[in-house]
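Remarks on the structure that follows.
Side chains included, hydrogens not; waters and symmetry mates left out as well; all remaining heavy atoms used.
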Amino acid sequence: MSTVPNESRKRGKKRYGAGHHNKRSRGSRELEVGMQGILITCNMNERKCTAEAFNLLNEYADKLYGPERLQDCDRSSSEEEEGDEDDADAALKKEVAQLQASTVKQKRRFQALDSGANNVIFIRTQNLEPDKLVHHILSDLHTTKKKKSRVILRMLPVNGTCKAFQEDMEKYLTTFLEPWFKTPNCATYQIAFKARNSSHNKRDEIIKSIAGLVGKLNPKNKVDLTNPELTIIVEVIKAVCCISVVPDYTLYRKYNVQEVVKEDISKPDVTTAKKDTHMTDQKEKQDAVETDQEEKKGHEEEGVNVPETNKEAEEGEGKGE
């Protein structure tokens, strides 16, 4: 009777331990401070978005950096195991080979991780600059107008990450922003801030704080919300702040791959429209004057004296009385 409860308790501890281990392993595949990569937003289909992202990124990365080269550790380890199947150390060698294979996988230039927010995936990058890659993709899509994805919405590069607390962000950005905004460098800029699953940062305070840092780096840096030269992207997800500085943010429709392939609709020229309207009004007035003159001439030919103005009409009426 006493042995059955003890066994159930042991099984419960094992199950609890296994679940705890799985939770820790999933956590290692999440967005963390110190990473670089690309945030990709989608609409209710993260799995298809991830597949499209890999296809799109690999296509353009092959053009910029050449095909990806991986160390072939699996093949060498498997060849050694074939001759040592009966060896007592075969199990140990197999475990070592698996560890080596997982290390190689982590060094691949693109790796999908959990971003910590719905409809957002994070592709971690290795040995490349995510801002230049994303800009190259958007530039080509903007030029060719070829649609290459269905569910991907925006592609936002992440060149730096820090803790998502205002003090940590200010400390990190002081150094991070120097290549673009520190004297003698200067530019017009805007700040694009968004927070997901995070309520401890207030948007207005963060934007004001970042603008103050940029102003300290060089007073010639000016805010331009219409057509800035650079855009400071700040994306907060839970406790991680993702940062990048990008050009052509307005031109490439806020880095939206669906919008950037659409044909540009030229806005009507306000000056030309006003000029055309003014010319039309003048022509109508001139036509009206010519019509009045023709009517007057016609009446004069018939022997009727038509007064030209109201004053002459009143004088005529007075004389008649």
Side-chain angles (χ1 to χ4, degrees), residues 19-62 68 70 102 104-138 140-142 146-164 192-199 201 203 231 233-244 246 249 252-262:
H20 184 65
H21 177 73
N22 291 337
K23 186 176 181 179
R24 289 176 59 187
S25 64
R26 287 196 299 269
S28 63
R29 294 181 58 84
E30 293 181 354
L31 170 63
E32 296 178 355
V33 173
M35 293 182 176
Q36 286 188 334
I38 302 168
L39 282 175
I40 301 179
T41 64
C42 61
N43 191 6
M44 304 300 292
N45 199 335
E46 295 184 15
R47 180 174 295 181
K48 189 173 182 180
C49 177
T50 303
E52 284 189 359
F54 275 116
N55 292 334
L56 194 61
L57 293 173
N58 280 310
E59 176 186 348
Y60 285 91
D62 287 346
E68 184 176 14
L70 297 175
S102 63
V104 173
K105 186 176 181 180
Q106 290 179 359
K107 290 182 179 180
R108 299 196 64 171
R109 63 185 176 191
F110 299 121
Q111 182 182 11
L113 302 180
D114 182 10
S115 68
N118 292 331
N119 298 325
V120 182
I121 63 173
F122 179 73
I123 304 294
R124 185 180 183 180
T125 59
Q126 297 280 358
N127 303 321
L128 57 85
E129 296 171 294
D131 56 337
K132 292 185 178 180
L133 176 59
V134 172
H135 187 272
H136 179 72
I137 294 172
L138 291 166
D140 185 68
L141 295 178
H142 182 263
K146 292 182 179 179
K147 187 174 181 179
K148 295 189 176 183
S149 65
R150 292 183 176 272
V151 298
I152 295 176
L153 297 180
R154 301 173 69 200
M155 300 182 70
L156 303 175
V158 178
N159 273 39
T161 51
C162 64
K163 294 181 180 179
F193 175 85
K194 187 174 182 62
R196 295 180 174 88
N197 299 336
S198 175
S199 59
N201 287 315
R203 180 179 182 275
T231 297
I233 298 176
V234 181
E235 292 273 337
V236 173
I237 303 179
K238 290 186 175 180
V240 180
C241 177
C242 303
I243 307 166
S244 187
V246 300
Y249 189 71
Y252 295 154
R253 311 289 181 87
K254 298 182 178 180
Y255 279 34
N256 188 316
V257 299
Q258 301 297 329
E259 295 294 326
V260 77
V261 298
K262 295 181 180 179

Nearest heavy-atom pair of [X] and [Y]: which atoms, and what distance?
X	Y	answer
Ala53	Ile40	CB-CD1, 3.4 Å
Lys48	Val151	C-CG2, 3.9 Å
Tyr249	Val246	CD1-CG2, 4.1 Å
Arg203	Phe193	CG-CD2, 3.5 Å
Asn197	Gly116	ND2-O, 2.7 Å
Lys163	Val33	N-CG2, 3.9 Å

Straight-line distance of [X] [atom1] to [Y] [atom2], nearest 0.5 Å:
X	Y	atom1	atom2	value
Lys147	Lys262	NZ	NZ	8.0 Å
Glu59	Phe54	CD	CZ	15.0 Å
Leu133	Arg109	CG	CZ	8.5 Å
Asp114	Glu32	CG	CD	11.0 Å
Leu31	Cys242	CG	SG	4.5 Å
Asn256	Met155	CG	CE	11.0 Å

Is there a donor-acceptor pair closer than 3.5 Å between any side-chain N or O of [X] and the backbone N or O of [Y]?
X	Y	answer
Arg253	Glu259	yes
Ser115	Val120	yes
Glu235	Leu39	no
Asn43	Leu153	no
Arg154	Lys254	yes
Arg29	Ala112	yes
Thr161	Gly34	yes

Inset, instruction - State, yes or no, whether a side-chain contact exists between Lys194 and Thr41 at a heavy-atom distance under 4.5 Å. - result: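 A side-chain contact under 4.5 Å is absent here.
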
Inset, instruction - Could you check if a side-chain atom of Val234 sits within less than 4.5 angstrom of a side-chain atom of Cys241, using non-hydrogen atoms only? - result: yes

Inset, instruction - Any chance you could lay out the side-chain contact (heavy atoms from CB on, under 4.5 Å) test for Lys148 and Ile137, step after step, and finish with the verdict? - result: CA-CA 10 Å; Lys148 295 189 176 183; Ile137 294 172; over 6 Å; no

Legend entry - Residues that Cys42 engages under side chain to side chain contact (heavy atoms under 4.5 Å, CB included), provided they are two or more places apart: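 With neighbours one apart ignored, the set is Glu46, Cys49, Asn119.
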
Legend entry - Distance-only side-chain donor-acceptor flag, Ser149 / Gln258, under 3.5 Å: yes

Inset, instruction - Evaluate the side-chain contact (heavy atoms from CB on, under 4.5 Å) criterion for residues Val134 and Ser244: first the C-alpha distance (whole Å), next the side-chain angles of each, then the deciding distance (0.1 Å), finally the verdict. - result: CA-CA 11 Å; Val134 172; Ser244 187; over 6 Å; no

Inset, instruction - Give the intermediate values and the outcome of side-chain contact (heavy atoms from CB on, under 4.5 Å) for residues Val261 and Leu141. - result: CA-CA 6 Å; Val261 298; Leu141 295 178; 3.9 Å; yes

Inset, instruction - Any pair with a residue in residues 127-138 that passes side-chain hydrogen bond (donor to acceptor under 3.5 Å, both in side chains), sequence neighbours left out, goes on the list, sorted by first then second residue, please. - result: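 The answer is Glu129-Lys132, Asp131-Asn159, His135-Asp248.
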
Legend entry - Check against salt bridge (Lys or Arg N to Asp or Glu O under 4.0 Å), Glu68 and Arg108: CA-CA 8 Å; Glu68 184 176 14; Arg108 299 196 64 171; 3.5 Å; yes

Inset, instruction - List the steps, then state whether side-chain contact (heavy atoms from CB on, under 4.5 Å) holds for Ile38 with Phe122. - result: CA-CA 6 Å; Ile38 302 168; Phe122 179 73; over 6 Å; no

